[in-house]
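Values reported hereafter were calculated over all heavy atoms of this structure, with side chains retained and with hydrogens, waters and symmetry mates removed.
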Amino acid sequence: MKAFLVVSRFQGRSGALMPWLLGLLLLILLPSCQEAERSSLVSDEHSQILELLDLAAASRHQDPIKTIDYSTQALRLLEIEPDPGSEVMALSNLAWAKMMLGEFAEAADFGEAALTLAEEQQQAEILVVPLNVAGLIYWRQSQLDKALTYYQRALTVANSLKNSSFEATTYNNMGLIYSDKAEYQLALECFTKARDLHRGLDDSRALALALNNIAGIHATLGDFGEALANQQESLRIREQLGDKSGVAELHHNMGITYEHIGDLQGAMAQLQLGLQGFEALDDKTGMAQALTALGTVQQKFNRKVAAKAAMKQALIYGEELKDGNVTATALMSLGKLSLDMGEYPIARRYLERGLATADRLGLVALQAQGRLSLADYFLATNDVDIARERAEQALQLALASGDRGQLRDTYELLSKIHERKGNYRQALLNHKEFKSINDALFNANSSERLAWLRSSFEDEKRQRQITLLEGEKALQQEVIKQQKFTRNLWIVALVAAAAILLLLYSRHSQSRVNQALQRSIKMQSDLMQAVAHEFRAPLARVQLAFDMLIEAEVDERPQLEDRVLRGLEELDELIREIVKLIKAEGSPRRAPTESLSLAPLLQTLVVRQHPLFPEKKITLTPVDPEISVIASKKHLEWAINNLLSNALRHCHQEVRLSCQLEQGQVNIIVDDDGPGVPTAERERIFEPFIRLDPSRTRATGGIGLGLAIARRLAENSRGQIRVGDSPMGGARFELVWPC
């Protein structure tokens with residue numbers, strides 16, 4: 001799924017963000033409330049109480065135990081010298097500390113006690129603090145509606161006091177609730193109001209928090225360019241403030257953004273920085289979410305063992321912290337990984353546990369995600385009707401929340417489900433909905449134009465494929481109908497024996513037609529998937545370079561522009577190779593042929609390759625000038641060139657080209673001294689876009705189409721290509737061409 005599975009990491013629902021978010025709340029709320037008390041207190045007892053409350057507030061991040069100790073001492077003194085305002089602050093501090101220690105029941109008791117006492121005093125100034133603290137406690141327990149009620153009351157009080165600090169803090173807290181409820185537009189409105197108020201107050205720390213939360217919403221809605229811009233501004237502020245937890249949070253968030261635009265290397269680097277920051281702070285919630293995100297990236301790198309280890313550790317942290325959001329996210333990630341590994345029973349158990357947790361806590365985004373992942377599971381296990389039911393449930397949740405990323409992914413899966421059932425018209429309708437949403441997501445602004453073009457290209461191909469499948473199905477039905485009619489006529493006209501023979505032949509013919517159609521459909525599907533995969537990485541790099549170019553300094557622009565040009569050149573090369581493959585599939589059968597002498601032809605090809613690989617040695621064994629073949633010169637040169645280029649690219653020092661005449665066919669042999677090709681991989685290397693060494697980039701390893709094109713050309717001329725071991729120690733490729 002391309003959309004973010006958990007908005008809460010951006011919103012601040014993490015251990016890394018939680019301490020300084022909570023600290024920020026009391027820094028804003030408590031001192032202003034205590035100032036009112038100081039002005040009216042003169043006794044030594046009151047001075048001692050205020051000093052203890054200051055110490056409690058100062059200790060709340062690093063040592064909640066001290067906060068409890070100081071607040072308890074203050075309450076003892078308040079029994080001797082009662083003061084309701086100070087007692088509210090002491091109880092609020094105790095509630096806070098208990099919440100930080102994960103003792104939510106006691107935290108709620110202290111919070112409610114503080115709120116009851118504040119309400120009895122009928123002083124708005126002291127009511128805002130316990131309302132916000134109570135809201136935070138219930139939010140941490142995922143009691144979202146109850147927490148929202150407290151925040152709405154706090155906002156009403158803050159508005160009556162005309163206190164911008166109170167308003168901004170409360171708006172931010174309300175935005176967190178709306179985010180967890182998947183009401184993203186309301187969340188964005190709250191975070192935007194908080195940001196504008198903090199700008200007016202010149203409060204950098206709170207402004208960084210608001211920017212981070214706004215980035216989370218934009219990311220959820222698929223506007224990754226806007227998300228990254230807000231994250232970068234927030235990161236600059238937090239670095240200036242020396243805020244280690246905030247910097248770790250931002251690296252984590254930017255890593256997720258890089259993942260969703262396809263830059264997996266950049267995502268890995270950012271997420272590892274975030275994890276290191278969380279580990280330094282011993283923030284287990286942050287570590288859990290960072291490990292889950294890292295596991296997802298490692299899964300995309302096909303490092304499945306490392307991905308599973310990271311996700312399992314995240315699950316351990318989530319269960320230890322009793323954090324339902326973290327636990328549900330880790331379970332669903334493990335479920336999708338197990339599904340990818342073909343471990344279907346394990347995948348189902350993980351997904352159902354994660355969905356049960358999300359349903360219990362009312363986490364709408366995870367509820368939709370869980371049902372969508374289960375639909376994927378049932379589709380993989382061929383329970384197509386159950387898959388459709390789960391996907392339609394996910395669709396209703398996504399429609400209710402307005403999460404366009406979830407909607408896009410759900411329509412895409414529904415299209416696949418209907419295609420599997422043979423309902424091509426419904427599949428096409430769902431795919432059009434997917435395309436419409438995907439276009440809207442990637443066309444949010446001009447900086448994402450390239451991503452939109454990539455999306456449009458892939459989707460137009462898919463639409464044509466579905467339309468073609470529908471036409472082929474109708475044609476197949478018409479062919480079968482005609483065959484049945486012909487068979488019946490022969491049964492009437494011929495004797496029983498002839499009728500039986502005709503029936504057997506008809507069935508055999510139908511089977512061959514079906515097999516040919518299935519092979520054609522599979523070939524087109526595999527090619528489309530491969531093309532889409534190959535286009536994704538260069539397009540994402542170009543898009544990211546464009547995003548960075550907008551905000552880059554003048555002296556940085558040439559380098560970024562060069563990155564864009566390199567990406568576009570890479571795309572151009574990929575397109576040209578794909579066109580060659582398409583031509584190799586069909587046109588060689590109709591190409592004009594001629595008699596070709598191999599000796600001068602091979603000599604010319606060797607000369608052409610020398611400048612391309614000046615550091616490599618190419619040796620041509622003398623060829624009998626009498627050897628010739630009937631072939632298309634262009635296609636024969638094309639096939640031999642691809643074999644030579646492949647050998648030169650992978651050899652250590654030398655490639656040797658030779659030619660032999662055997663039993664009415666010519667064997668053109670290419671030997672090299674490279675690492676060779678493992679026996680198990682000798683068929684796989686002829687598949688499009690296959691490069692055996694995952695460390696090779698396109699610059700050193702080619703596009704991955706050369707051998708596929710060479711085999712197509714040989715087969716279309718009734719020839720073949722064989723792979724074996726070379727006496728030079730590397731690989732031997734034999735191009736067998738009829739004379």
Side-chain angles (χ1 to χ4, degrees), residues 1-7 180-184 220 222 324-325 327-438 441 459 462-463 465-466 469-470 473 521 525 529:
M1 301 309 190
K2 304 291 185 330
F4 286 172
L5 301 181
V6 185
V7 182
D180 279 357
K181 289 168 68 66
E183 298 177 16
Y184 300 123
T220 301
N325 198 320
T327 301
T329 303
L331 285 167
M332 290 183 187
S333 298
L334 280 165
K336 292 201 299 179
L337 176 62
S338 299
L339 188 60
D340 189 26
M341 297 173 70
E343 300 172 350
Y344 296 126
I346 297 174
R348 183 173 184 176
R349 287 198 294 272
Y350 278 132
L351 292 173
E352 289 180 340
R353 282 178 60 194
L355 181 57
T357 303
D359 285 342
R360 176 171 54 83
L361 299 176
L363 303 173
V364 179
L366 285 176
Q367 287 176 308
Q369 180 61 43
R371 283 165 173 78
L372 194 60
S373 297
L374 276 171
D376 212 2
Y377 159 79
F378 285 116
L379 182 62
T381 55
N382 292 318
D383 291 331
V384 184
D385 290 329
I386 301 178
R388 179 179 56 80
E389 179 183 344
R390 295 293 183 273
E392 287 175 349
Q393 292 172 358
L395 178 63
Q396 294 306 314
L397 287 167
L399 286 169
S401 68
D403 186 335
R404 292 187 296 171
Q406 289 281 9
L407 279 172
R408 176 194 60 189
D409 295 339
T410 306
Y411 278 123
E412 184 180 22
L413 186 58
L414 278 169
S415 176
K416 294 178 181 178
I417 291 170
H418 285 295
E419 186 179 343
R420 178 77 65 85
K421 289 175 67 67
N423 300 330
Y424 296 111
R425 188 175 300 280
Q426 188 61 41
L428 187 58
L429 289 174
N430 281 294
H431 187 74
K432 286 180 178 179
E433 290 290 343
F434 158 74
K435 182 179 184 300
S436 175
I437 297 172
N438 202 45
L441 288 175
D459 292 330
R462 180 161 175 77
Q463 282 193 49
Q465 179 190 13
I466 294 175
L469 286 173
E470 187 174 12
K473 180 179 179 182
I521 291 169
S525 176
Q529 291 175 8

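- To the nearest 0.5 angstrom, Ile417 atom CD1 is 11.0 Å from Asp383 atom CG.
- Nearest approach of Tyr344 to Tyr377, heavy atoms of both residues: O-CE1, 3.3 Å.
- Ala368 and Ala394 make their closest contact through O-CB, 3.6 Å (heavy atoms, listed as atom of the first residue, atom of the second, distance).
- The line from CE of Met332 to CG of Leu339 is 13.5 Å long, rounded to the nearest 0.5 Å.
- Of all the heavy atoms in Ala375 and Leu413, the pair that sits closest is CB-CD2, 3.6 Å.
- Annotation: the span from Asp409 atom CG to Leu414 atom CG amounts to 11.0 Å, rounded to 0.5 Å.
- Remark: Asp376 does not engage Lys416 in a salt bridge, criterion side-chain N to carboxylate O under 4.0 Å.
- Side-chain contact between Arg390 and Gln393 is present, with at least one heavy-atom pair separated by less than 4.5 Å.
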Listing, residues 345-355 side-chain donor-acceptor contacts under 3.5 Å, not counting sequence neighbours, or none:
from: Arg348; atom 1: NE; to: Glu352; atom 2: OE2; distance (Å): 2.9
from: Arg353; atom 1: NH2; to: Glu319; atom 2: OE2; distance (Å): 3.1

_side-chain contact (heavy atoms from CB on, under 4.5 Å) between His418 and Arg425, worked out_ = CA-CA 8 Å; His418 285 295; Arg425 188 175 300 280; over 6 Å; no
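- Put simply, the side chain of Asn430 gets close to the backbone of Gln426: a donor and an acceptor are under 3.5 Å apart.
- Without hydrogens or angle criteria, Ser338 side chain to Leu334 main chain gives a donor-acceptor distance under 3.5 Å.
- Taken to the nearest 0.5 Å, the CG atom of Asp385 stands 11.5 Å off from the CZ atom of Phe378.
- Scored by the side-chain hydrogen bond (donor to acceptor under 3.5 Å, both in side chains) test, Asn423 finds no partners at all (sequence neighbours excluded).
- Side-chain contact between Leu397 and Gln406 is absent, with no heavy-atom pair separated by less than 4.5 Å.
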*Residue pair Glu412, Leu372: steps toward the side-chain contact (heavy atoms from CB on, under 4.5 Å) verdict*: CA-CA 11 Å; Glu412 184 180 22; Leu372 194 60; over 6 Å; no
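- Expressed to the nearest 0.5 Å, how far OG1 of Thr327 lies from CG of Leu366 amounts to 11.0 Å.
- Going from atom CD of Gln369 over to atom OG1 of Thr410 covers 8.0 Å, rounded to the nearest 0.5 Å.
- Side-chain polar atoms of Ser415 and Glu419 form no donor-acceptor pair below 3.5 angstrom.
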